[in-house]
Every structure is written in structure tokens, then in C-alpha cells.
Protein chains: 2
Amino acid sequence: MGKKKKAEFYGVKEIARRANVSIATVDRVIHNRPGVAVKTRDKINQIIKELNYQPNILASRLASRRVFRFATLIPAVSDETDYWQAPLAGIEQAESEIKQYGVTVDKYFFDLNDKNSFTREAQRVLESDPDGILVAPSFIDESIPFVQKCRQRNIPYVFINSDIPEQESLCYIGPDLFHSGYLGARLTSYGTGEGKILVVNISKEIDNHHHLLRKEEGFRAWFADHGKANEIHKIDIRETGYESVAAALSRTFADHPDIRAVFVTNSRISTVAAFFEKRREGKYLDTPNKGQHPVILIGYDFLEKNIEYLEKEIIDFLICQQPDEQGYLGIRNLYQSQVLGKPVEKVHFMPIDIVARENYSVYKN
Amino acid sequence: MGKKKKAEFYGVKEIARRANVSIATVDRVIHNRPGVAVKTRDKINQIIKELNYQPNILASRLASRRVFRFATLIPAVSDETDYWQAPLAGIEQAESEIKQYGVTVDKYFFDLNDKNSFTREAQRVLESDPDGILVAPSFIDESIPFVQKCRQRNIPYVFINSDIPEQESLCYIGPDLFHSGYLGARLTSYGTGEGKILVVNISKEIDNHHHLLRKEEGFRAWFADHGKANEIHKIDIRETGYESVAAALSRTFADHPDIRAVFVTNSRISTVAAFFEKRREGKYLDTPNKGQHPVILIGYDFLEKNIEYLEKEIIDFLICQQPDEQGYLGIRNLYQSQVLGKPVEKVHFMPIDIVARENYSVYKN
DNA sequence: CCGACGTTCGTGTACGTACACGAAAATAAT
DNA sequence: ATTATTTTCGTGTACGTACACGAACGTCGG
């Protein structure tokens with residue numbers, strides 16, 4: 001096969017030749033700049049279409065001195081919010097990949113326990129006048145005025161992790177909470193059969209409680225859709241410390257010793273797991289079903305603390321939605337859209353992964 | 001924050017200035033080309049290190065007329081081997097991303113039912129003298145002489161899907177078969193409890209039977225590791241048509257009507273599912289446990305045929321290892337290594353995903 | 001001492017696109 | 001008709017790197 005298969009690429013030069021104009025004119029057409037007669041413009045556009053012209057990004061980015069600056073506004077990582085480590089890693093991964101194409105990413109962080117910090121940092125983001133923003137709109141009320149200002153200034157923004165549908169972002173990248181709860185229910189039912197089930201919401205006042213509720217909805221919907229009549233109890237714990245969680249669980253199990261599975265609607269499952277670990281060791285003697293068949297424990301997020309209990313066979317499954325990929329895709333989409341001028345998907349739901357102790361080691365978070 | 005944060009990048013020009021030489025000399029040093037005095041070379045290398053010089057890939061690829069040609073050698077897609085559609089899609093995805101950087105990918109296919117076709121196509125690949133090869137070494141005996149020739153000619157190659165560890169490839173990207181079987185066992189046990197289990201291998205003579213065995217090993221290992229004494233039966237079906245599969249299953253269920261779960265070691269699970277569907281509709285009246293509690297069905301691969309049965313609630317779980325990502329990463333790694341000159345991971349095991357009817361719609365294959 | 005040859009290095013052009021600048025043509029104003 | 005103004009377009013240079021070509025210098029044999 002001596003086929004050279006010389007993949008012929010046509011550039012502005014060829015377009016200019018065919019249109020009997022200079023490459024500068026072609027360039028003007030390509031970039032929608034003024035100063036070209038309508039007739040000429042049409043002719044050139046025609047030729048561009050005919051040749052299926054694909055600009056050489058290498059040359060384009062090289063010649064353009066323009067530097068794109070993106071900004072990210074996400075929760076700071078803390079003990080309470082390990083979760084955000086992953087999106088940050090994804091953002092940094094994307095940054096390292098496109099840095100060489102003249103893109104910088106400035107990162108701003110807010111405190112999930114402090115709405116004011118969001119507003120403050122959002123202000124700083126605006127002042128830096130970036131070419132695009134990646135934001136986790138955890139505080140809806142505070143996010144709306146922020147993105148309105150962005151729209152005024154024509155700064156595109158993408159949402160990750162939480163969506164605010166009416167706020168026409170460039171795109172949304174995040175989990176499908178309802179279906180993740182739905183899947184959680186399936187896993188729970190699959191292992192429990194007819195047994196009693198406990199749903200646990202652990203969140204502070206300030207937390208995005210809506211997230212948890214949406215998962216719970218999905219969870220309950222599954223049982224309804226499948227005509228299962230499992231007894232589903234639920235407790236809301238508004239104090240995230242171990243003691244308070246243990247106390248609540250202890251009380252609940254005293255009332256319902258026959259609970260067979262626990263579904264925790266967020267990553268705080270490790271606290272619940274700690275309770276069960278102690279229990280396994282003989283603590284909480286007042287909880288009657290100590291020593292019985294172990295309780296199935298299912299929750300959320302690939303965090304070190306959670307993996308630990310996965311290994312110890314206390315947590316059974318973790319549901320994850322690739323938080324790092326969320327950050328990665330967010331930046332990539334900004335790049336796609338702003339630098340390359342290509343369209344992006346409006347809504348991108350992340351896959352809903354099931355992590356067990358048998359596969360967590362190859363899970364790419 | 002008026003910080004301009006002007007990320008200062010130094011280029012060959014600056015290096016040349018500092019070394020009191022021309023950029024051509026710097027270029028020679030960077031590319032390890034001869035014709036530079038040792039003293040000059042050392043000096044320039046020193047400066048390169050000091051400045052932490054990062055070549056501008058845009059300019060580099062633009063200026064270099066060099067075109068990289070990669071070749072892929074994977075099984076052709078057929079009804080029997082839908083699986084390979086996904087890696088091919090991944091390859092094409094990667095190709096479209098790096099095409100603009102002067103990389104072409106020529107695809108060669110062999111017939112999984114014909115070892116000779118592998119040898120023939122491998123020969124064609126060699127004749128095309130590519131700059132790198134992505135190969136699925138399905139036929140080990142035929143692959144070894146092939147990659148030996150590659151090494152002779154200094155053509156790097158990466159393995160996907162199957163590894164041949166001693167053949168020092170650039171890297172391996174593929175599934176961890178053992179652990180996928182291990183996970184399958186967990187899922188099976190989780191839903192079955194103590195029940196009887198059936199392992200089904202469906203493969204033609206020529207198939208890579210080793211793959212299936214490895215999964216089965218993992219499957220059995222899990223039960224051993226966890227001290228479970230489930231009765232595990234096994235059937236080998238060497239004729240892949242529906243009739244033959246149905247006959248074998250029918251016979252097995254006649255002997256063991258109390259089998260509670262079936263684990264199929266590859267994507268032919270749809271054939272097994274078809275059997276259960278018919279059975280549900282009242283066929284195979286000779287199989288005693290018709291109408292009883294449905295049998296749990298777990299197998300492999302995100303194929304349309306399989307998804308269909310997932311939806312119909314006949315298949316319970318599919319284990320997938322992102323075959324498209326395997327193709328994608330394979331090409332990306334060739335690019336990383338050959339074009340960018342960056343090192344790549346030697347072994348990359350794909351995540352082991354669990355696909356159920358509750359999450360398949362957001363699964364990215 | 002001269003030419004042949006090897007070593008070491010610099011000059012110059014090219015890659016495909018972006019854009020500043022100014023020229024030419026068309027139109028309007030005088 | 002002439003000048004002023006606007007519209008339309010071309011020329012030329014730059015981006016950072018790759019590489020062909022040849023210049024300058026030294027070495028060596030005769």
C-alpha cells in the first residue's frame with residue numbers, strides 16, 4: 001500500500017487564492033470583522049464551506065498574542081469538605097493540559113460554612129475580569145446576582161455540581177442526584193430483600209440540603225416504581241459531629257433493631273460507618289441487634305475516610321459521580337467554547353459509578 | 001489584585017542570548033543533534049535547566065513538517081464481536097483530537113476467527129512503517145514474532161485489552177480480568193446469599209479462552225477468600241449460537257433447578273438472557289423452577305444487545321471496563337510518548353464499572 | 001603553503017495564522 | 001471637478017521553533 005494518503009489540508013492561503021483576495025480579507029471574514037464587502041464575504045464563506053476549512057489551531061494560537069484567563073470559584077477543601085479536592089484536581093489537570101495554549105486559570109475559593117465568603121470571592125472574580133468562569137453555585141441566592149453581573153459583562157460561566165437551570169449558563173456539568181438515589185435504592189433492595197431500611201441525612205443548617213432531598217426522592221421513587229413495600233425510616237441529623245450522629249443512630253436502632261440497610265445521602269457516611277465499627281466491637285450494647293447479620297451500608301463519594309471503611313467491610317457501596325471529571329470537563333468546556341469557538345453540550349450528567357472494595361483500587365476519581 | 005501575573009516563558013531566543021550562541025545551536029542541543037562542541041552543549045544544557053525551559057509545542061509542531069503516522073491493529077467489528085466497536089470509537093476520538101497536530105492513524109483489522117488474518121495484517125502494518133503501533137494481541141503466539149519485528153525496527157507499540165508482559169511494550173492498557181471476576185462474585189453473592197451459582201463460559205474454539213478463565217478464577221477466588229461455601233457449577237459452551245446455549249442451559253437447570261444466579265464470563269450474556277426471556281414467557285417447561293424467583297444474571301460489556309435485556313430486567317448487572325477509553329488512551333499514550341516525548345505509565349488498568357438499568361443511560365462507554 | 005576535509009556554528013526562510021498599517025477604490029461633500 | 005471621507009482591501013511583520021545551507025575555523029597530508 002504505497003498510498004501516501006496525503007491528508008490535504010487547505011488553509012487561508014488556498015481560500016484567498018480561490019477568492020482572488022488576500023489572506024487578510026479571508027481572515028476578516030473568518031473572524032467576523034468588519035470591512036469586507038458583502039459580496040466578497042459571501043464568496044469567501046462559500047469557499048470556506050466548500051473546502052470544509054478547519055483552522056490550524058497551532059498557528060492560530062501561536063499568532064494570536066491573546067491570553068485567555070479563566071477563573072474558578074469553588075468551595076475550599078477542608079476536613080468537612082474533602083469532596084472538593086477532586087474537582088480541584090480535575091481543574092488543575094485541565095489547566096496543565098491547556099496552559100501551553102495560552103490559557104491561565106485563577107482559582108478562588110469560598111467557605112461552605114460562610115455565605116458571605118462566596119459573595120466576597122465572587123466579587124474578586126468579577127474584578128479580575130476573566131474570560132470565563134467555572135462556578136459551583138452552592139448558595140443559590142448568592143449565586144444568582146453573581147451570574148447576572150456576569151451576563152451583563154458578557155462573561156460566560158459554567159456551573160458544576162449544582163445547577164440553576166433558569167440562569168442560562170454556558171453549560172452545566174454535574175451529578176444527576178435523583179438517579180443516583182434511584183440507583184442507591186436498587187443496590188439496597190438487591191441486597192436487603194424485604195428488610196427495613198433507614199435513610200440518613202446528615203447536614204448542617206447551611207448545607208445544600210436540597211441535594212440530599214433530591215437523592216432521597218430518587219431513593220424512594222425506586223421502591224415505589226417497583227412496588228416494593230419496604231419500611232423506610234428516615235432521620236435528619238443537623239449536627240455533623242460523631243457524637244451527635246452516634247446518638248441519633250443509637251436511638252433509632254433501639255426503636256428499630258431490625259433495620260437491615262442504611263442509606264446515607266452524602267459523603268458523611270464515614271461517620272455512620274464509625275458508629276457501626278464501634279458497634280461491631282461491642283459498643284452500644286443497648287442497640288439490640290448487635291452481633292446480628294451486619295447492616296448493609298450504602299452512601300456517597302470516593303473519599304479516603306470512606307474508602308477506609310469500604311476496606312474494613314463496613315461500608316458496602318459508595319456511589320460516585322467522578323467529581324474530578326466535573327472540574328476537568330468544566331475547564332475543557334470553557335476552553336472549547338471560548339478559545340476554539342466550538343459549541344458545547346448544555347447539560348452533562350456525570351456517570352453514576354458504583355464503588356465497592358473489589359474495584360475501588362482502579363477507580364479513577 | 002492588579003497582579004498581571006505575566007507568566008514569563010523563556011524560549012530558545014533567551015537561551016541563545018544567555019549562551020552567546022545562535023538559536024540554531026540551541027536547537028541542535030535540544031534535539032540532540034551533532035555538530036555542537038561539548039563545552040557549548042554543556043553550557044546550553046545548563047541554561048535550559050536553569051530557566052526550566054518548556055518548548056512551545058504549538059510552534060514546534062507548526063514548524064516541524066514531520067507527520068506522525070500511527071497504526072492500529074485490532075479485531076474487526078462483527079455481529080460476533082460488537083465489543084470492538086468501542087475501542088475503535090475511542091481511537092477515532094483520539095485521532096480527531098490530535099489530527100490537527102500532524103498525526104494520522106491508519107487502522108488495520110483482523111478477523112478474530114482467523115489467526116492468519118492477524119499475521120497478514122500485522123505484515124501490512126510493518127510494511128507501512130509507522131511511527132507507533134496500537135495492537136490488541138489477541139493471538140499470543142502470532143503476536144510475539146510481530147512485536148519482535150517491531151522492536152528490531154524500533155517501532156514502539158502499546159498493547160490494549162490483552163497484555164503480554166514479557167514483551168516490553170511501551171505500555172499496556174486494559175482490563176484487570178481477575179478483579180473484574182472478583183467483583184462479579186461480590187455482586188453475585190450480595191444478591192444471592194447462600195444459593196447455588198452457575199458460571200457460564202461461552203466461547204468458540206479460537207476465542208481467547210484464557211480471558212474467560214482468568215475472570216472465573218477471580219470469581220471463585222472471591223468465594224474462597226470470604227469463606228463462602230456456595231455451590232458453584234460451571235458449563236463450557238463452545239458453540240455460540242442460541243440453540244446450543246439454550247440446550248446447555250436447559251440441561252443444567254433440569255439437573256439443578258435451584259440455581260439462584262448465573263455469571264456469564266463475557267459479553268455473550270445476551271444469549272443467556274434470551275434463554276431466560278423465553279423461559280419467563282413459558283418456554284422450556286421442562287426446567288422445573290420456571291416461575292420461581294427469577295435468577296440473577298450478571299455478565300459483561302456495555303453492548304446494545306445486553307442493554308436491551310438490562311432494561312427488560314433480565315440481566316441484573318453488567319461489568320464494563322470502558323473499552324472505548326482503552327482505544328482512546330492507547331492513542332493518546334502513543335502521542336504523549338512519541339510526539340511530545342513525555343513518559344507514560346507502563347500499565348494502566350481500566351476502572352471496573354458496574355452498569356445496572358438505573359445508571360446505564362449516563363454511562364459513557 | 002595549499003587544498004581537502006571535518007568540526008562548529010550562524011543566517012535565513014518556512015510553518016499557518018493574526019493583525020497593524022496604509023493603499024486603493026468607492027462614495028459623499030464641497 | 002476636486003477634496004474629504006468611508007469602505008474595502010493588500011502588504012508586511014510577528015508568533016516560537018525546525019532545519020537547510022553555507023560560512024568560518026581548525027586539522028592534516030602532501
Side-chain angles (χ1 to χ4, degrees), chain A residues 6-45 47-48 51-68 99-103 338-341, chain B residues 6-45 47-48 51-68 98-103 131 338-341:
Chain A
K6 189 92 183 297
E8 268 319 332
F9 282 110
Y10 296 111
V12 285
K13 220 147 111 188
E14 175 66 13
I15 298 174
R17 201 186 59 75
R18 298 203 186 195
N20 277 322
V21 296
S22 76
I23 57 171
T25 302
V26 175
D27 190 70
R28 277 184 270 263
V29 172
I30 289 174
H31 294 89
N32 286 315
R33 268 178 303 207
V36 182
V38 179
K39 216 175 142 183
T40 316
R41 178 176 297 272
D42 288 348
K43 187 183 189 182
I44 292 177
N45 272 325
I47 297 176
I48 286 179
L51 294 186
N52 184 28
Y53 167 71
Q54 302 286 116
N56 183 322
I57 303 176
L58 296 174
S60 169
R61 292 296 306 147
L62 180 61
S64 164
R65 240 83 29 111
R66 169 120 198 247
V67 168
F68 283 84
K99 175 175 55 185
Q100 50 187 320
Y101 303 149
V103 180
Q338 299 310 108
V339 181
L340 305 186
Chain B
K6 187 91 187 296
E8 268 319 332
F9 283 110
Y10 295 111
V12 284
K13 220 147 113 187
E14 176 66 12
I15 298 174
R17 201 185 58 75
R18 298 203 186 198
N20 277 322
V21 295
S22 75
I23 57 170
T25 302
V26 175
D27 190 70
R28 277 184 270 262
V29 172
I30 290 174
H31 294 89
N32 287 315
R33 269 177 302 203
V36 182
V38 180
K39 218 175 140 182
T40 316
R41 177 175 298 272
D42 288 347
K43 187 181 184 183
I44 292 177
N45 273 324
I47 296 176
I48 286 179
L51 294 186
N52 184 29
Y53 167 71
Q54 302 286 115
N56 183 322
I57 302 177
L58 295 175
S60 168
R61 291 299 305 149
L62 180 61
S64 165
R65 241 76 39 103
R66 171 125 199 248
V67 167
F68 283 84
I98 59 180
K99 175 174 55 184
Q100 50 188 317
Y101 302 150
V103 179
D131 298 300
Q338 299 310 109
V339 180
L340 305 187

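Letters A, B, ... are given to chains in the order of the sequence lines, protein chains preceding strands, and every chain is numbered from 1.
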Practice task
Using the ring of Y10(B) (Phe, Tyr or Trp, six-membered ring only), decide whether R18(B) places NZ or CZ under 6.0 Å from its centre and within 45 degrees of its axis.
Solution key: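 That pair qualifies as a cation-pi contact.
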
Atom pairs under 3.5 Å, N or O on each side, protein against nucleotides 24-28 of chain D: can you list them with distances?
none

Which atom names give the shortest non-hydrogen contact between [X] and [Y], and what distance separates them?
X: K13(B); Y: I23(B); result: CA-CG2, 3.8 Å
X: R61(B); Y: F68(B); result: NH1-CE1, 3.4 Å
X: R33(A); Y: R41(A); result: O-NH2, 2.8 Å
X: I44(B); Y: A19(B); result: CG1-CB, 4.0 Å
X: S22(B); Y: A16(B); result: C-CB, 3.8 Å
X: L58(B); Y: Q100(A); result: CD1-O, 3.7 Å

Nucleotide [N], atom [atom2] - distance to [atom1] of [X] in whole Å:
X: N32(A); N: dA18(C); atom1: CG; atom2: P; answer: 12 Å
X: Y101(B); N: dG16(D); atom1: OH; atom2: P; answer: 18 Å
X: R17(B); N: dG16(D); atom1: CZ; atom2: C1'; answer: 16 Å
X: R66(B); N: dT17(D); atom1: CZ; atom2: C1'; answer: 16 Å
X: N56(A); N: dG16(D); atom1: CG; atom2: P; answer: 16 Å
X: R61(A); N: dG16(D); atom1: CZ; atom2: P; answer: 13 Å
X: L340(A); N: dA18(C); atom1: CG; atom2: P; answer: 12 Å
X: Q54(B); N: dG16(D); atom1: CD; atom2: P; answer: 15 Å

Exercise for the section: Report yes if a side-chain nitrogen or oxygen of Y53(A) is closer than 4.0 Å to either non-bridging phosphate oxygen (OP1 or OP2) of dG16(C); otherwise report no. Expected result: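 For dG16(C), neither OP1 nor OP2 has a side-chain N or O of Y53(A) closer than 4.0 Å.
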
Exercise for the section: Could you walk me through whether V339(B) and Y101(B) pass the side chain to side chain contact (heavy atoms under 4.5 Å, CB included) test, one step at a time? Expected result: CA-CA 9 Å; V339(B) 180; Y101(B) 302 150; 5.8 Å; no

Handout entry: B/S/- contact track for nucleotides 4-15 of chain D, protein heavy atom under 4.0 Å
Key = ----BBBB---B

Handout entry: Side-chain donor or acceptor of R66(B) paired with backbone N/O of G102(B) under 3.5 Å
Key = no

